[in-house]
There are 2 protein chains.
Amino acid sequence: MSTIYDVARRAGVSPKTVSRVLNSDGPVGEKTREAVEAAMRELGYVRSNAARMMRAQKSGIIGLITGAISTKNQPSTQQGLPDLYIVQGIQRALESSGMTVMIADTAGRNDRVPHLIDTFLSHRVEGLIHVAEYHQEVNLPRLPDDTPLVLANCFDAHGTPSVVPDDRRLQRDLVRRLIAAGHRRIAYLSLRPDMVAGRLRPQGYREALEEAGLPFDPALLQHVDFDQFEIGPQLLWDTIDRMLHLDQPPTVICSGNDQMAMMVYGILRSMGRKMPDEIGVAGFDNYRAIAETLYPPLTTVDLPYNAIGVRAGERLMQLISGVGRDDHSPVLVAGPVHWRGSVTELRPENVISFKTLREEKQ
Amino acid sequence: MSTIYDVARRAGVSPKTVSRVLNSDGPVGEKTREAVEAAMRELGYVRSNAARMMRAQKSGIIGLITGAISTKNQPSTQQGLPDLYIVQGIQRALESSGMTVMIADTAGRNDRVPHLIDTFLSHRVEGLIHVAEYHQEVNLPRLPDDTPLVLANCFDAHGTPSVVPDDRRLQRDLVRRLIAAGHRRIAYLSLRPDMVAGRLRPQGYREALEEAGLPFDPALLQHVDFDQFEIGPQLLWDTIDRMLHLDQPPTVICSGNDQMAMMVYGILRSMGRKMPDEIGVAGFDNYRAIAETLYPPLTTVDLPYNAIGVRAGERLMQLISGVGRDDHSPVLVAGPVHWRGSVTELRPENVISFKTLREEKQ
DNA sequence: CGATGTCATGACACCGATGTCATGCCCCTG
DNA sequence: CAGGGGCATGACATCGGTGTCATGACATCG
């Protein structure tokens, strides 16, 4: 690969002049510039970043650590791997600043993290982002003070800048919408409480009930470890069965995420319950491959992974430029409710037309 | 960040000696080594790759171009974004060689590719891999001869080394298994024929029929543009409806991928057909979030994205070390059939017990 | 017409690591 | 005790850009 010296020789100028052309630095004569540009083209010259970096003491590189679960999934609640969306968002936020992204995956082994960080440091990354598979608490080794770190889809106990989904608010928004549609008995099938989302989302659910003055019925809020092999579906079946046989059964079932909602679809159908007329189902994530493909399409709320990535990228750029270095508050990201066919509108005016419809059918 | 000179000064030795310790190069006295190591620890020294690269003329960096569709999906047949699995596989294959991975996403704009390549070249990547969202033909700008390129999940017309799924064989294996289970009337709902998978998979289907001596019935092979908004589900419904009303309706429906299979589930249920007893459904991809969560769990075949990544990484390392530079044949990757509950075994001995079961039920 | 300023360009040093070659020391051997 | 060989170490140049400063050629102005 040719160097700036090769270009200089070919164009009959000094390397410094070539550098000036490259960077539109100092003044360069019109003819000289053309000669240099021609030489660069002929040689297929591409500037070496390594040399540039040394001089400038800036790499223009950002390091990304993704904490993907290994193929043998241990916690495995999400298999759709939202990482990618986050990573895409980060790249979108960074491209305008001309940063290049390096990526390294822990491949499920947290003990590899220090080594990954060292590799990144040896490339003199200007910042690091740790991307988690699902909303969780993490604990990364300390970094040099001059290398900022942002946590995306995770947080730690040391106040490291983080960008996380606003699970509480998202769930609250969705349940609000259900209430606005006329639903009063709303069941909630939560993820395991040892997961962050298994704690925050139920909170949002209860908040929405509370502000609407609806009573909270403990029988309608259950944590289900739905994705455990064999047992998961059985637990889910049993939980739903109990709920449907309550004196006042729910008119809609909120699921901890879209994947669980998909399972709920199958179970309700096997029980002979028609959706959405007899019972509604709502999800969480807007995992489009599922939510849009299911029939009826799933009402859910958008867990905006892309936006989390964008915000994380933006936050990192701020930190690099020295802005908000002592702001330790996490950035919460929310998204819209997607109202699709899996839940009926039960508002008074609609209840009538709804009944009418049913009568017409019969 | 401290340099090798800082370490040398602190340890009272020359930079070259520090370098020797770093690389376990020439001989170093026991006491000197310890002094140097102590100095490195105290300063938190991390070697600068930029300087190293310059001297060594080797970057240890691989560039990855991912061609993710933008959020506004135009072709959009897959939304599960298998890229990530491929990228993970690549990383796994590369980590043993100590390569670091740079990544850049086209964000759906192919015109950005030349720029991305230039960025990578300026970092003097030792090789490039282009990762496609789905099996397709691509056309990348020419690279310098000394920078090898591997295409993952895609191929081009110039014989660039590529690693792609063996769609034909995968589909054949799955249909073989269906035939072995006793099925004779097998429907195939294919992806659009303008997609590679929409051509190769039907071929595999026909091959399996042929080798089993089963007649090919054109009425049972239909291309369905299932993921088009609104119209998709209608087309799918109509196609299935026609098939089920044939004189000899199919006993199992093979879908172009798992997502389509999920839609087929919903449609069959809305038609009141019981699965798998009355009709079986098979998928393609082993998109686990779907295949394992559906009820009944989906019989499908594993499109091994991870393995594609690993093979692509391996192939690239070969090319870098100069092996197989003139081998232009694509690497085909296959995977196992996952037999789950969505298809019944109809083999003679089972057909009886199956009938018995039905009679018992009634 | 000489002083001053601007423009175009180049010489040189430097960033941090490492390959090459030289140096000094100690130990062993004849 | 002189000479040879291995060991530990350092001086120096180099990789490819770019910041700093210097230089020479003109143009402008009082």
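The figures here come from the full heavy-atom set of this structure, side chains too, leaving out hydrogens, waters and symmetry mates. Chain letters run A, B, ... following the sequence lines, proteins first and then strands; every chain starts at 1.
Where DNA chain D pairs in unbroken runs of 3 or more (Watson-Crick or G-U, both distances under 3.5 Å), the stems are C:1-30 with D:1-30.
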TODO: With side-chain hydrogen bond (donor to acceptor under 3.5 Å, both in side chains) as the test, would you mind laying out the steps for A:T66 and A:D83 before giving the verdict?
DONE: CA-CA 7 Å; A:T66 58; A:D83 298 35; 4.8 Å; no
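In this structure a side-chain-to-backbone donor-acceptor pair under 3.5 Å is missing from B:S97 to B:M99. Put simply, the side chain of B:R33 never gets that close to the backbone of B:V21: no donor and acceptor are under 3.5 Å apart.
The residue from A:V36, A:L22, A:T17 that alone fulfils the side-chain contact (heavy atoms from CB on, under 4.5 Å) condition with A:V7 is A:V36.
Residue B:S14 has no polar side-chain atom (N or O) positioned under 4.0 Å from OP1 or OP2 of D:dA11.
The aromatic rings of A:H135 and A:F155 stand perpendicular to each other, their planes meeting at an angle above 60°, with 30° marking the opposite boundary.
DNA chain D lies under 4.0 Å from no heavy atom of any residue of residues 35-43 of chain A.
The number of heavy atoms from other shown groups lying within 6.0 Å of CZ (A:R124) is above 12.
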Open item on the list: Return a single string for nucleotides 16-24 of chain D, one symbol per nucleotide in 5' to 3' order, where B is base contact, S is sugar-phosphate-only contact and - is none, cutoff 4.0 angstrom on heavy atoms.
Closed with: BBBBB----
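With a 4.5 Å cut-off on side-chain heavy atoms, A:I129 and A:I90 count as touching.
A salt bridge links B:R10 to B:E42: one of the charged nitrogens lies within less than 4.0 Å of a carboxylate oxygen.
Judged by distance alone, the side chains of A:R311 and A:N306 never bring a donor and an acceptor atom under 3.5 Å apart. A side-chain N or O of B:N49 and one of A:S122 form a donor-acceptor pair less than 3.5 Å apart.
Here the P atom of nucleotide C:dG16 and the CG atom of A:L121 are 16 Å apart, to the nearest Å.
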